Engineer: 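The structure is given below, and queries will be raised subsequently.
The shown structure was predicted, so the numbers you read here are calculated from the model rather than taken from an experiment.
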Amino acid sequence: APRHCFDAWAAMVRDGGAARLAADVESARAEARAATANAERARSDAEAARSDAEAARGDAAVARRDAEAARGEALRRGEAAEAAAAEAARQGALVADAEAKAQALEAELRRLREDGDATGEATTE
C-alpha cells in the first residue's frame, strides 16, 4: 500500500507540475502575444510620427517660401514707398517754388498798382 500511495502521490505531483508548467507556458505565450501587439503598436506609432514629421517638413517648406515671397513683396513695397516719398518731396518743392513765384507776382502787382495810383494822383493834381 505504501508504494501505491507513493505512486498516486507522485502522479498527482507530476500532473500538478505538468499543469503548472502548462499554465506557465500559456502565460509566457500570452505575454509574448501582448509584447508582439505592443511592438506592433509602437511600430505603427513610429510610422505615424514619421508621417507627421514629413508633413511638418512640407509645411515648413511652404512657410519658408511664403516668408520669402512676403519679404520680396515688402522690399518691392518699400522701394515703391521710397519712390513715392521722393516724388512727394519733388512735388512739394514745385509747390513751394510756385507759391514763391505767386507771392513775388502779387508783390509786383501791388507795386504796379501803387505806382499807378501814385501816377494817377499826380496827373489829377
Engineer: Can you find a pair of side-chain heavy atoms, one from Glu40 and one from Thr36, that are under 4.5 Å apart?
Structural biologist: no
Engineer: Asn38: which residues meet the side-chain hydrogen bond (donor to acceptor under 3.5 Å, both in side chains) condition with it, sequence neighbours left out?
Structural biologist: Arg41
Engineer: Which atom pairs, one a donor and one an acceptor, fall under 3.5 Å between side chains of residues 21-31 and the rest of the protein, sequence neighbours left out?
Structural biologist:
from, atom 1, to, atom 2, distance (Å)
Glu26, OE2, Arg33, NH2, 3.2

Engineer: State which residues pass side-chain contact (heavy atoms from CB on, under 4.5 Å) with Glu108; sequence neighbours excluded, sorted by chain then number.
Structural biologist: Arg111, Leu112
Engineer: What salt bridge (charged side-chain N to carboxylate O under 4.0 Å, His left out) pairs are there with at least one residue in residues 78-89, not counting sequence neighbours?
Structural biologist: Glu87-Arg90
Engineer: Run the salt bridge (charged side-chain N to carboxylate O under 4.0 Å, His left out) check on Arg77 and Glu73 step by step: do they pass?
Structural biologist: CA-CA 6 Å; Arg77 287 183 181 188; Glu73 181 63 22; 2.9 Å; yes
Engineer: side-chain contact (heavy atoms from CB on, under 4.5 Å) with Glu106: which residues, sequence neighbours excluded?
Structural biologist: Arg110
Engineer: What pairs of donor and acceptor atoms, side-chain ones from residues 61-70 against any protein atom, are under 3.5 angstrom apart with sequence neighbours left out?
Structural biologist:
from, atom 1, to, atom 2, distance (Å)
Glu68, OE2, Arg71, NE, 3.4
Glu68, OE2, Arg71, NH2, 2.3

